[in-house]
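What follows is a set of notes on a single structure, which appears directly below.
Sequence lines set the chain letters: A, B, ... in the order given, protein chains first and strands last, and positions in each chain run from 1. Heavy-atom basis, side chains included; hydrogens, waters and symmetry copies ignored.
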Amino acid sequence: MLPFETGSRIRLNPDASIGCVEAVENLAIARVLAEIGDLLEIKAENPFKIRAYRNASETIAHETRRIAELTPAERLELPGIGKDIAGKIGELVDTGEMAYHKDLLQQFPPTVLDLLHLQGVGPKTVALLYREMDIRTLQDLEDAAKAGRLRAIKGMGAKKEVLILKALEEQRRFTGRRLMPEAYETAAAVVAELREHAPGADISMVGSLRRGCDTCGDLDILAAGAPASVMDAFTRYKLVDRVLAHGDTKSSVRLWGGFQADLRLVPRESLGAALQYFTGSKTHNIALRDRAMQRGLKLNEYGLYRADTDEKVAGENEEGIYDALDLAYVPPELREHRGEIAAADARALPRLVQLADLQGDLHAHTTATDGRADIESMARAAQAAGLRYLAITDHSKSLAMANGLDEARALEHARAVREVGARMEDFNLLAGIECDIRPDGAMDLADDCLAQLDLVVASLHSGFNQEPAQLTDRLLRALECPWVDVLGHPTGRIILRREPLQADWPRVFATAAAAGVCLEINSQVDRLDLDDLRARQARDAGAKIVISSDAHSAGAVAVLRWGVVVARRAWLTPADVLNTRDVESFHAGLRRHRRAA
DNA sequence: GCCGTTTTCGGCCCGACTGTTTTCAGTCG
């Protein structure tokens, strides 16, 4: 998935001229290829050709070197890039345009690509809507659906109209926000640029980025002790599309791809106060200012002052501000006004879990199903990341698209995993499975198969439209299976695309706690499931939590950091997270072994 | 369109679910 909006809003380089390659970033190239894939799909082209463009797009989005700087021969070596696509990429890099992409956009207005991203609307529907009713935009579609005109099209009915209106409403609710990790990567690039410009200054991300929220509206950046020229460096940054405001202490820009970024400049002596102020959250800050007032103090972005004399009490660093307010330092992830001020007052803040606390990863895929790397590569990557154990948990047979394993293949795969594990030093491989929970709550694989594995992660991958009561029963039945150790991505949410499933979560958590089943925080950047609030709820219900990568490639183990952020926002300590333990005590904490004990 | 060859063309993940049918098309994962 690419972090950019759809449509023709990409202009790779507005002043495109030959040789002007700097602005053609990998993600922009990847997006052009992905759009070609979408447009070809609407044209009902050869599905393998469509996939070829999408594969090429994925490759480029994940390539760490800058494609624009590679030679044509080097580009050809990238997986999924052949002569044809390599040539088109070269054209794009050299001229800022790709004729093939432009031709396709002549045939379909770019706004139809927005339709394609609605839930339940695919390429056939988009083509039909465009050809039959000249529907080009989301607005056209909404008007037609509201007027009941869509049902006139063969194959569409009143129910489909309702679904489309619902999808439109969801999309509206989500626009303007992005996944936090994407925002973080973009902000990190801006910060790096500014640091280069002002090496002596203190430049950092603030706002929701620093608090670790799972989505981000705009990028807030703070510069303390930087020269005034940092504002020019910011507004002239290569990925700036439009300057919205340019002042001495505050500037705002729109970046290519849609992010708004704000830069604030404060004197160095105000660093702490400004960090505190711009990190928020708003409700946390209000409570903090209230506390200051009660102590005859006032707090703003420049410092903490005595209300009567304006004498400065604190402001150079954040710790000093909290200290002057008789509070323990509150980690940014907790600043949501969810009890952190009372806890800081009582010196009872938790010691939050950190990435370095994790000793194992309990959810990973391989080429046996839909992963990109083999068992050994996954294991080596986990080991290189500093972990001591990894569970290989490929899909079960219901997930046919992912080439899910049936009982025989699952056991054969487990043998292969154990064989690789036996060869590794100071590292444990667990042979597990991510077993589908069928619509009726039954496990996708037979009990005697699950019993022979080291770890069973049970997950929902279909039947998301069930009623809450039915869904709850389904989950409770899954928890009854004695071989289920972990409930994987429990709520099924896809951030910015699919809301968490509506089930009786307190009941599910309580049942899991009683049965000894762990709840997963899935670290995939568009899942982060459980979310912070539910993870805290689950812990409070007595359930153990695991933080897992759900990695589908060797490098993807790195996403664990985002799962840890969620855990921190959930107030979790290392003791709450089962995979902070060494492999022996981890095993001992698993349901299957607790049962035996 | 890419890949990997039995080196010049055939293979490339496919089953479940839903809303629309009246035996299926489209979407999703």
Exercise for review: Write down the distance separating the P atoms in B:dT22 and B:dC28, rounded off to the nearest Å.
Suggested key: 23 Å

Review point. If you round to the nearest 0.5 Å, how far is CD of A:Glu132 from OG1 of A:Thr125?
Key: 12.0 Å

Review point. Across the strands shown, which category fits A:Leu118 at heavy-atom distances under 4.0 angstrom: base, sugar-phosphate, nothing?
Key: sugar-phosphate

Exercise for review: Would you please test A:Glu58 and A:Leu33 for side-chain contact (heavy atoms from CB on, under 4.5 Å) and show each step?
Suggested key: CA-CA 9 Å; A:Glu58 282 286 305; A:Leu33 296 172; over 6 Å; no

**Study point:** Pairwise side-chain contact, A:Glu142 with A:Leu138, heavy-atom cut-off 4.5 Å (strictly under)
**Key:** no

Review point. Do A:Glu407 and A:Lys397 meet the salt-bridge criterion of a basic N to acidic O distance under 4.0 Å?
Key: yes

Check your understanding: Do we see a donor-acceptor contact under 3.5 Å between the side chains of A:Asp504 and A:Thr472?
Key -> no

Exercise for review: Show your reasoning for whether side chain to side chain donor-acceptor pair (under 3.5 Å) applies to A:Asn522 and A:Glu520.
Suggested key: CA-CA 6 Å; A:Asn522 184 296; A:Glu520 179 183 80; 3.1 Å; yes

Practice item. Give me the residues of residues 432-447 of chain A where at least one heavy atom lies under 4.0 Å from an atom of DNA chain B, by number, or none. Key: A:Pro439

Review point. If you look at every strand shown and take non-hydrogen atoms under 4.0 Å, does A:Ile81 touch a base, only sugar-phosphate, or nothing?
Key: sugar-phosphate

Revision key, fill the gap. The answer to which of A:Ile85 and A:Arg51 contacts DNA chain B further toward the 5' end, by nearest nucleotide, is A:Ile85

**Study point:** Partner nucleotide, any strand, of B:dG4 [Watson-Crick/G-U, under 3.5 Å]
**Key:** B:dC9

Review point. Looking for any heavy atom pair under 4.0 Å, which part of the strands does A:Ala44 touch: base, sugar-phosphate only, or nothing?
Key: nothing

Review point. Which part of the nucleic acid does A:Pro47 contact within heavy-atom distance under 4.0 Å: base, sugar-phosphate only, or nothing?
Key: nothing

Check your understanding: So, A:Asp394 versus A:His413: side-chain donor-acceptor pair below 3.5 Å or not?
Key -> yes

Check your understanding: Can you tell me how far P in B:dC3 sits from the matching atom in B:dC13, rounded to whole Å?
Key -> 14 Å

Point to revise | Pairwise side-chain contact, A:Arg409 with A:Asn403, heavy-atom cut-off 4.5 Å (strictly under) | key: yes

**Study point:** B:dT5 versus B:dG11 - spacing of their C1' atoms, nearest Å
**Key:** 11 Å

Check your understanding: Say you pick atom P in B:dT20 and the same atom in B:dG15; how far apart are they, in whole Å?
Key -> 25 Å

Review point. Any Lys/Arg nitrogen of A:Arg438 or A:Asp444 sitting under 4.0 Å from an Asp/Glu carboxylate oxygen of the other?
Key: yes

**Study point:** Any donor-acceptor N or O pair under 3.5 Å, side chains A:Asp550, A:His365
**Key:** yes

Practice item. Decide, yes or no, whether a salt bridge links A:Asp454 with A:Arg592 under the criterion of side-chain N to carboxylate O below 4.0 Å. Key: no

Exercise for review: Mind checking A:Thr125 for me? I need base, sugar-phosphate or nothing, with any heavy atom below 4.0 Å counting as a touch.
Suggested key: sugar-phosphate

Practice item. Taking atom C1' in both B:dT8 and B:dG1, compute the distance separating them and give it to the nearest angstrom. Key: 15 Å

Check your understanding: When all nucleic acid strands are considered with a 4.0 Å heavy-atom cut-off, which category describes A:Asp370: base, sugar-phosphate, or nothing?
Key -> nothing

Exercise for review: Sort out for me which residue in A:Ile42, A:Asp38, A:Ile135 forms a side-chain contact (heavy atoms from CB on, under 4.5 Å) with A:Val112.
Suggested key: A:Ile42

Point to revise | Whole-angstrom distance between B:dC17 and B:dC2, as gauged at atom C1' | key: 32 Å

Exercise for review: For A:Lys124 and for A:Gly463, find the nucleotide of DNA chain B with the closest heavy atom, then tell me which residue's nucleotide is more 5'.
Suggested key: A:Gly463

Exercise for review: Under 4.0 Å from any atom of DNA chain B, heavy atoms only: list the residues of residues 150-157 of chain A that qualify, in numerical order.
Suggested key: A:Gly155, A:Met156, A:Gly157

Review point. Along DNA chain B, 5' to 3', what are the outermost nucleotides having an atom less than 4.0 Å from a heavy atom of chain A?
Key: B:dG1 to B:dG29

Review point. Quantified in whole Å, what is the P atom distance between nucleotide B:dT21 and nucleotide B:dG26?
Key: 13 Å

